[in-house]
Structure formats: structure tokens, C-alpha cells
Amino acid sequence: MSLFKESYSALICNDPDDKVALTIELLKYLEKDLGSKFEIKKMPSPGRPIKPRLVSFNGSPKRDKSDLGMIKNIHAICHIEFNAINLALDAIYRFQEMPHQYYLDWIKVASEESHHFSLLKNYLEELGHHYGDFDAHNGLWQMSVDTDYDVLVRMALVPRVLEARGLDVTPSIRKKFCESKFTKMVDILDIIFQDEIGHVKIGNYWYKYLCNKRGVDAVQTFDELIKKHIGSNLRGPFNTEARLLSDFTRDEIQYLEHPKQP
Ligand SMILES: [Fe+2]
């Protein structure tokens, strides 16, 4: 076995509990040789259960502040964390030429994402629901497909745009749960938020490592990639404090707030 082969097995695994177990298994590679390389295949969609049914953003369930609306919110976050496990596994499996520390970092991210998913899945079950009970967003994997051609592009856009967006929006989501009867979510969101700062930090570290290695400017390259892959979908407002904690520079935050027009 090798880290790359086992990450692939976890990535294509359809059953959420098995995926979590296979992901936790990868922690053994923190202490041992990563093993041999493994064939890299395109991945139009990762392993996932039949339910939830994936629908376009516009068709996603409307979520109000009713009990059911809040449970649908929990389900939506649970689905994001399920996808985050796959994103971390793909970061390991797809890019097999990075320094050893890169894999140690992403194994840690994958295991924390599986912890987040399990916390939310278990909470849904406590509330009498299951992961898969409601429709979910179909677009979350697309950025992984779009960035599968280069680890620099992946590091630029998945942790630093998609995951970092979580840092921007969590405080307002947390407030909504504080005011609801689902206060257990506040504790879960606090765990997720702390861990996600670390994940974005890891993304920033490897993005800047790669920019340095290739002799390209981090902000200018980010600008080019934003224009190519994100365009007007770059959403603020940005959580400056959390982004600084995740090692975004002031220049990058300044860029995000005032991206150059095409
Ligand atoms: Fe997460």
C-alpha cells in the first residue's frame, strides 16, 4: 500500500462512514514512508452516496429560521464538510511530486475534515435526520476539476478562495445558531472555524512556496487565476482578522477588496 493508493481508495469510496474510516487510516503515514506513486486519473466526480441528490445552486433548498430551515442549514454545512474530505484527499492523491511536509499537512487536513463531517452527521442523527435527507449543492467539486492541472492553481483557489470563504461567513452563521435552539451547532462551528484557519494557512504556505519556487509574484499570479477561474464570483466581505491569522498578507487582502478589473 501507499499513501497515494490509499488516498485514492478513500476518495472514490461512496459510503460516508467508510470514507471517514479510510481517511483516518491515512494518519499512519505521519509516522512512516509514503510508499510508491500511483496512477493519477481524472476525477469528474468523487465517491459519494446516492443521497443527497445534487442540485444547482438556484435549486438548493430554501432555508429560513424555522426548525426545519435550521436543520437544512446543518445539512448544507455537513455536505460542505463531506466535500472538504474529498478535496483534501485529492490534494494528496493528484499531486505526487511535492515535498514530504505537504503530505503531512494534507493528511492532517483530511482527518480534520472527516472529524467535522462526523460531528455534523452525528448531530443531524441526534435531531432525527440523516446526511442525504435534503438536496445539496452540486457545484462544490467543480473547482477541484478546474484546478486539477496544476498544484499551484489548486493551492491558490481551493484553500485560499473556497475554504477561506468559510472563514468569512462563519461568524454570521454562528450568530444565527446562537439565537436558535440548535446551540450545539455553535460549539461545532467553533471547532470547524479554528481548524479551517489552519487549513487556509496550509494552503497559503504551499501556494507561496510554489510561487517562490517558480519565481512568480503571489498577488499577480492570484489575480490572473481569479480572472481565469472565478471572475465576478469572487465574494466578499472578507473576514480580515481570520484571513490575517491564516497568513494572507495585507497586500492580498487589499487585492481581494479591490480586485483589478479585466
Ligand atoms: Fe472543514
Side-chain angles (χ1 to χ4, degrees), residues 13-20 23 45-89 109-110 112-145 158-159 161-197 199-200 230 233-239 242:
C13 176
N14 292 323
D15 181 82
D17 291 334
D18 291 347
K19 189 187 289 282
V20 166
T23 302
S45 108
R48 51 173 298 275
I50 297 166
K51 284 182 3 175
R53 189 172 69 120
L54 300 187
V55 294
S56 70
F57 187 67
N58 292 336
S60 292
K62 296 280 168 282
R63 301 191 289 266
D64 51 38
K65 283 189 176 178
S66 67
D67 285 0
L68 188 61
M70 296 307 276
I71 290 169
K72 285 181 178 177
N73 265 314
I74 299 169
H75 188 274
I77 301 169
C78 189
H79 179 66
I80 288 171
E81 297 297 339
F82 182 78
N83 198 63
I85 305 173
N86 288 326
L87 288 171
L89 292 170
V109 174
E112 287 177 355
E113 301 297 15
S114 61
H115 180 225
H116 301 166
F117 170 72
S118 300
L119 287 171
L120 292 158
K121 179 177 173 285
N122 293 342
Y123 188 36
L124 279 174
E125 283 166 14
E126 246 176 69
L127 296 168
H129 287 271
H130 294 93
Y131 175 55
D133 278 0
F134 307 104
D135 292 347
H137 194 330
N138 72 350
L140 299 180
W141 183 250
Q142 192 53 42
M143 189 57 78
S144 170
V145 177
V158 169
V161 176
L162 288 196
E163 291 200 71
R165 189 70 196 134
L167 300 179
D168 300 332
V169 298
T170 299
S172 66
I173 297 172
R174 186 187 189 279
K175 187 166 174 282
K176 258 207 300 195
F177 279 105
C178 255
E179 291 159 357
S180 77
K181 67 180 195 194
F182 303 99
T183 48
K184 188 168 177 179
M185 260 313 269
V186 177
D187 299 330
I188 296 176
L189 286 172
D190 286 346
I191 293 170
I192 293 177
F193 189 75
Q194 275 314 313
D195 288 347
E196 296 299 339
I197 286 177
H199 301 176
V200 177
I230 312 271
N233 290 325
L234 184 66
R235 297 253 184 277
F238 304 98
N239 183 341

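Because only heavy atoms are used, hydrogens play no part in the values below, and waters and symmetry mates are left out as well, while side chains stay in. By convention here, the first residue in the shown sequence is residue 1.
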Partners passing side chain to side chain donor-acceptor pair (under 3.5 Å) against D18 (at least two apart in sequence or in another chain):
none

Separation between CG (D15) and CZ (R48), nearest 0.5 Å, reads 13.0 Å

With ring-ring contact (aromatic ring centres under 6.0 Å, His included) as the test, would you mind laying out the steps for F134 and H129 before giving the verdict?
CA-CA 9 Å; F134 307 104; H129 287 271; 5.4 Å; yes

Between H75 and D133: side-chain donor-acceptor atoms closer than 3.5 Å
no

I'd like to know if the side chain of R235 reaches the main chain of R165, judged simply by a donor and an acceptor atom lying under 3.5 Å from each other, with no hydrogens or angles considered.
no

Closest heavy-atom pair and its distance - L140, L162
O-CD1, 4.3 Å

Of all heavy-atom pairs linking S144 and L87, the shortest is CB-CD2, 3.5 Å

Straight-line distance of E112 CD to D195 CG, nearest 0.5 Å
4.0 Å

Show your working on side-chain contact (heavy atoms from CB on, under 4.5 Å) between H130 and K51 and close with a plain yes or no.
CA-CA 10 Å; H130 294 93; K51 284 182 3 175; over 6 Å; no

Closest non-hydrogen contact found for F193 with A242 is CZ-CB, 3.8 Å

In Å, rounded to the nearest 0.5 Å, how long is the span from CG of D190 to CE of M185?
10.5 Å

If you round to the nearest 0.5 Å, how far is CD1 of I80 from CD1 of I85?
13.0 Å

List the steps and the verdict of side-chain contact (heavy atoms from CB on, under 4.5 Å) for F182 and N73.
CA-CA 11 Å; F182 303 99; N73 265 314; over 6 Å; no

Is any side-chain heavy atom of K181 less than 4.5 Å from a side-chain heavy atom of M70?
no

So, do I230 and M143 sit near enough that their side-chain heavy atoms are less than 4.5 Å apart?
yes

Is there a side-chain contact between Y131 and L120, using heavy atoms and a 4.5 Å cut-off?
no

Is any side-chain N of the basic residue among D187 and K184 closer than 4.0 Å to the acidic one's carboxylate O?
no

Is any side-chain heavy atom of N83 closer than 4.5 Å to a side-chain heavy atom of H137?
no

Side chains of F177 and I188: closer than 4.5 Å at any heavy-atom pair?
no

Side chains of H199 and E196: is there a donor and an acceptor less than 3.5 Å apart?
yes

Which atom pair, heavy atoms only, marks the closest approach of T183 to C178?
CG2-O, 4.0 Å

Does the side chain of F82 come within less than 4.5 Å of P49's, by heavy atoms?
yes

Are I77 and H116 packed together at the side-chain level, in the sense that at least one heavy-atom pair is separated by less than 4.5 angstrom?
no

Between V20 and S118, which heavy-atom pair has the shortest distance, and what is it?
CG1-OG, 3.7 Å

Once rounded to the nearest 0.5 Å, what's the spacing between atom CG of L119 and atom CG of L189?
10.5 Å

Distance-minimising heavy-atom pair for D168 and P237:
CB-O, 3.6 Å

Nearest 0.5 angstrom please: L89 CG to T23 OG1, how far?
4.5 Å

